[in-house]
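Report on the structure given below.
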Amino acid sequence: MSTYFTKEHEWVRVTGTEGVVGITDYAQHALGDVVFVELPEVGKLLTKGGEAAVVESVKAASEVFSPVSGEVLTINATVVDQPALINDSPEDGAWFFSVRLTNPAELDGLMDRAAYDAFVKSLE
Amino acid sequence: MVPDHARTPLHALHLELGAKMVPFAGYDMPVQYPEGVLAEHHHTRQAAGLFDVSHMGQAVIRGEARVAALEALLPGDLQILAEGRIRYSQLTNELGGIRDDLMITNAGDHLFLVVNAACKVADFAHLRSELKGCVLKELEDRALLALQGPQAADVLGRLSPPAAAMPFMSCLAQDIAGVPCLVSRSGYTGEDGYEISLPADRAEEFARRLLAEPEVRPIGLGARDSLRLEAGLCLYGSDIDETTTPVEAALVWSISKRRREQGGFPGAAIIQHQLREGPARLRVGIRSLDKAPARAHTQIVDGEGRVIGEVTSGGFGPSVGGPVAMGYVQSAFAVPGTSVSLMVRGTPREAVVADMPFVPHRYRKS
């Protein structure tokens with residue numbers, strides 16, 4: 001199991017050809033209090049970098065992009081019911097959806113934890 | 001922090017309190033403090049929130065003919081405005097559109113105005129050129145703080161007992177904690193509370209004094225917006241502007257019978273026509289039947305998918321616990337209870353035209 005990160009502050013945790021996707025702690029902090037999340041339908045085909053979900057704070061709506069291409073396998077209904085979980089445990093319990101990767105080679109273009117942490121530091 | 005933007009007298013205090021700063025109307029302003037918008041919103045509805053609104057424009061008008069001169073520029077009734085009382089009105093243009101909305105206080109030998117930050121330069125230029133026989137003085141050396149919430153009167157009354165007894169929409173000069181303040185019992189949250197005009201060089205010390213009271217926390221522009229949206233109050237530039245009339249904006253309550261009949265303000269013929277015939281569109285409240293917030297510029301459609309209007313303000317209402325919006329619809333659809341759909345990211349979402357405010361006003365009853 002390895003976790004990869006994007007410059008748009010999404011993460012994907014990969015086991016075999018399945019990935020679980022969410023947003024990072026940096027992302028939830030920048031968004032502020034999350035009050036609504038819209039997840040993709042199970043079975044939807046996502047492309048890397050394409051719009052996959054929407055998170056909304058009190059003030060604004062933000063798009064979440066898929067870090068990988070793949071088919072949506074499951075969605076996390078708990079975060080739909082309790083969007084505030086995204087602020088509480090963004091990189092753990094508040095995952096958004098899982099996908100079956102259609103092009104695992106895409107992972108090579110993503111950052112590992114150390115590279116992502118350095119990237120976030122460069123933004124401050 | 002935004003370079004090249006103006007700063008209010010409380011700028012350093014905002015930074016010290018850990019505020020996230022954003023550009024707003026040319027100022028570097030606090031959008032939220034570390035507690036976040038939701039907590040700040042709820043705190044204001046439950047206790048007392050302190051807002052820095054020093055970016056807003058403050059001015060006084062002097063001159064014998066000040067009441068008649070200002071009435072020639074807006075539909076509010078200033079003749080019957082007693083000393084120490086405040087009126088909400090709108091500066092109108094020749095088409096009946098709204099140049100700005102503002103608060104006007106009869107301060108005895110002069111009028112005291114508070115106008116929107118983004119409009120203040122244009123407003124004051126307009127007033128200077130149009131107010132016949134009067135002198136307008138902008139009060140650039142004054143700060144403006146709002147203390148809002150059900151415990152605001154307890155807090156201010158503790159420091160200055162006369163403040164607690166003030167009626168809603170009244171104004172009274174008083175020294176509070178040694179600072180000469182002009183206190184208005186008014187606000188932009190739907191709650192009881194005050195707006196306090198005071199010397200800029202005393203503002204930080206005064207804000208610290210209020211923040212030392214256990215009920216008071218600092219509140220940013222984010223919660224200011226969600227509070228006023230739930231209260232059904234217009235945001236200039238979003239819900240009202242040069243293209244919307246006070247009639248379309250459902251602000252007819254702010255125009256007295258005499259002014260409706262006599263006119264005598266810019267755009268009066270158009271506004272009187274709309275009062276007689278009804279406007280083609282109206283500002284209404286809209287409640288979504290699902291959880292997706294509809295933001296400004298979201299299209300409003302009828303059952304056949306025809307566009308009948310547009311959202312002008314919308315978002316999550318923390319006290320409502322769900323999305324709320326306001327916008328303009330064709331008048332035939334303006335009756336509360338009318339079913340409409342909101343086109344959120346291309347998907348129609350069921351909604352219903354609703355009475356405003358979404359959260360009942362809790363102003364002080366006189």
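In the text below, chain A, chain B and the rest are named by the order of the sequence lines, each starting its count at 1.
In this structure a side-chain-to-backbone donor-acceptor pair under 3.5 Å is missing from B:Arg345 to A:Val54. Judged by distance alone, with hydrogens and angles left aside, the side-chain atoms of B:Lys291 form no donor-acceptor pair with the main-chain N or O of A:Glu38 at under 3.5 Å.
Contact count versus chain A (heavy atoms, under 4.5 Å) is highest, among B:Gly222, B:Pro293, B:Ala39, B:Ala223, for B:Pro293.
Summarising the local packing, NE2 of B:His361 is surrounded by more than 12 heavy atoms from other residues, nucleotides or ligands at distances under 6.0 Å. Counting heavy atoms of neighbouring residues, nucleotides and ligands inside a 6.0 Å radius, atom CZ of A:Arg13 exceeds 12 of them. Within a 6.0 Å radius of CD in B:Glu350, no more than 12 heavy atoms belonging to other residues, nucleotides or ligands are found.
Between A:Lys59 and B:Gln32 there is no side-chain heavy-atom pair separated by less than 4.5 Å. At a threshold of 4.5 Å between non-hydrogen side-chain atoms, the residues A:Val58 and B:Asp225 do not count as touching.
Residue contact with chain B, scored on non-hydrogen atoms closer than 4.5 Å, is absent for A:Ala84.
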